[in-house]
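Shown next, in structure tokens, is the structure this report addresses.
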Amino acid sequence: MFKRRNAHQLDDGSQHDSKVRELRSAIGPLSGHSLVFCSDASLRRYLAARNWNVEKAKKMLEETLKWRSTYKPHEIRWNQVAHEGETGKVSRAGFHDRQGRVVLIMRPALQNSTSAEGNIKHLVYLLENAILNLPKGQEQMSWLIDFTGWSMAANVPMKTTREIVYILQNHYPERLGIAFMYNPPRLFQAVYRAVKYFLDPCTAQKVKFVYPKDKASDELMTSHFDVENLPKEFGGEATLEYDHEEFSKQMCEDDVKTAKFWGLEEKQYPKPNSFSPADVVPEPATSIASAAS
């Protein structure tokens, strides 16, 4: 039985390797940013997102390359989006889940901007940053979304939500491993039903609703996170506060790594050893929110 299963797995692996080669041949010669972006791992993600159909994966990938050439997500730097992150509404955690995935912590109640462009650019920056910090061999990230204090007043407009969903599904396929909606109010569940309409079924399956003082929720969370790392806001034991100045320093350091990875000049990016809060923070943050930095 074990031999058959292993043989089957090897057969699938060989077929997938063949699909990767076929897709690489189909997209033709690449250079610059596109060459760096189209690693074998990246091609596998696009193929997996399109059920290993080479033609569909090719179309999806070409659309992403076109989007990246105009939106240039890899060229966004923290000093361009730092004002959006003052409250800690989205931040990269200082811990990983049990599978070694980078964790993004989101707090919708801390929304501090009505700019659709600003919100999207800030999120895209943090997605790129999370990918940059993925451990070798890991392609996905986890999201922890805390709905404490959320109300419709803090809700992102549906048009913006649709654009975010489109970008995530079409330009970051297979990047989301799992997303935990922690303690969402009933009102949000109605909002989510509308959002779910735009979600791919595979993506929707990765979204988990979890609640405090609920045994099934506790078991699900502890199966994915060490309780000593998990913030108390998500049922864990850790106490983590979002420090915008400290987080900004970390992002500036990562901006240098990002520029190096993509082969970009670093002259316009603040260097870690010359960091000043004024480089990235237009004004002192008016509030410090509990989040992971």
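- Of all non-hydrogen atoms in Leu127 and Trp143, the two that sit nearest each other are CD2-CZ2, 3.9 Å.
- Proximity of Lys136 to Gln138: side-chain heavy atoms (C-beta onward) are nowhere separated by under 4.5 Å.
- To the nearest 0.5 Å, atom CD of residue Gln140 and atom CG of residue Leu176 are 7.5 Å apart.
- The shortest heavy-atom contact between Pro184 and Val210 is CD-O, 3.8 Å.
- The aromatic rings of Trp78 and His244 sit tilted, their planes meeting at an angle between 30° and 60°.
- Proximity of Pro73 to Ile167: side-chain heavy atoms (C-beta onward) are nowhere separated by under 4.5 Å.
- The number of heavy atoms from other shown groups lying within 6.0 Å of CD (Glu117) does not exceed 12.
- Between the side chain of Asn229 and the backbone N or O of Phe225, no donor-acceptor pair lies under 3.5 Å.
- Scanning all heavy atoms of the two residues, the minimum distance from Asn112 to His83 falls at ND2-O, 3.2 Å.
- In terms of hydrophobic clustering, with Ile, Leu, Val, Met, Phe, Trp and Tyr side chains grouped at heavy-atom distances under 4.5 Å, Met60 and Tyr166 are assigned to different clusters.
- Contact of the Phe188 side chain with the Phe209 side chain is registered, since non-hydrogen atoms from C-beta on lie closer than 4.5 Å.
- Within the 4.5 Å cutoff, side-chain heavy atoms of Gln250 are placed close to those of Arg92.
- Taking the six-membered ring for Trp and thresholds of 30 and 60 degrees, Phe234 and Tyr182 have ring planes more than 60 degrees apart, a perpendicular arrangement.
- In the hydrophobic cluster analysis, where Ile, Leu, Val, Met, Phe, Trp and Tyr join through side-chain heavy atoms closer than 4.5 angstrom, Tyr211 is grouped together with Ile145.
- A salt bridge links Asp254 with Lys257; the closest basic N to acidic carboxylate O contact falls under 4.0 Å.
- Between the side chain of Arg77 and the main chain of His74, a donor-acceptor pair closer than 3.5 Å is present.
- Side-chain contact between Trp52 and Gln15 is absent, with no heavy-atom pair separated by less than 4.5 Å.
- Other residues, nucleotides and ligands place no more than 12 heavy atoms under 6.0 Å from the NZ atom of Lys59.
- The same ILVMFWY cluster, assembled from side-chain heavy atoms under 4.5 Å apart, contains both Val36 and Ile27.
- With Cys38 as reference, Leu61 is the one residue of Leu61, Thr64, Leu23 to meet the side chain to side chain contact (heavy atoms under 4.5 Å, CB included) rule.
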Would you give me the side-chain donor-acceptor pairs under 3.5 Å for residues 152-163, sequence neighbours excluded?
unit_1 : atom_1 : unit_2 : atom_2 : d
Thr161 : OG1    : Pro157 : O      : 3.2

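- The heavy-atom pair separating Glu174 from Ala48 by the smallest distance is CG-CB, 4.2 Å.
- Defined by atom type and a distance below 3.5 Å, a donor-acceptor pair is missing between the side-chain atoms of Lys56 and Asn51.
- Of the possible polar contacts, none joining the Asp226 side chain to the Glu228 backbone as a donor-acceptor pair under 3.5 Å is found.
- Inter-residue side-chain proximity for Met141 and Ile131 is flagged as met; some heavy-atom pair is nearer than 4.5 Å.
- The pair Glu253-Lys249 does not meet the salt-bridge criterion, since no charged nitrogen lies less than 4.0 angstrom from a carboxylate oxygen.
- Aromatic rings from Tyr71 and His171 are positioned such that their centres are separated by 6.0 Å or more.
- Counting heavy atoms from C-beta on, the side chains of His33 and Glu75 never come closer than 4.5 Å.
- Once rounded to the nearest 0.5 Å, the distance linking CG of Asn170 with CD of Glu63 reads 7.0 Å.
- Remark: Arg45 engages Glu139 in a salt bridge, criterion side-chain N to carboxylate O under 4.0 Å.
- When Lys19, Arg24, Arg21 are each tested for a salt bridge (Lys or Arg N to Asp or Glu O under 4.0 Å) with Asp40, only one passes: Arg24.
- Residues Phe261 and Leu264 share a hydrophobic cluster, clusters being chains of Ile/Leu/Val/Met/Phe/Trp/Tyr side chains in contact below 4.5 Å.
- Judged by distance alone, the side chain of Ser25 and the main-chain N or O of Glu22 form no donor-acceptor pair under 3.5 Å.
- Side chains of Glu62 and Tyr46: a donor-acceptor N/O pair is absent below 3.5 angstrom, by distance only.
- The closest side-chain heavy-atom distance from Leu132 to Trp262 is not below 4.5 Å.
- Looking at every heavy atom in both residues, Ser91 comes nearest to Leu126 through N-CD1, 4.3 Å.
- Residue Leu199 holds its CG atom at 11.0 Å from NZ of Lys206, rounded to the nearest 0.5 Å.
- Residues Leu110 and Lys89 share a closest heavy-atom pair of O-CB, 3.8 Å.
- One hydrophobic cluster holds both Leu30 and Phe37 under the rule that ILVMFWY side chains link at heavy-atom gaps under 4.5 Å.
- Judged by distance alone, the side chain of Glu84 and the main-chain N or O of Glu86 form no donor-acceptor pair under 3.5 Å.
- From Phe247, atom CZ reaches atom CD of Glu241 across 15.5 Å, with rounding to the nearest 0.5 Å.
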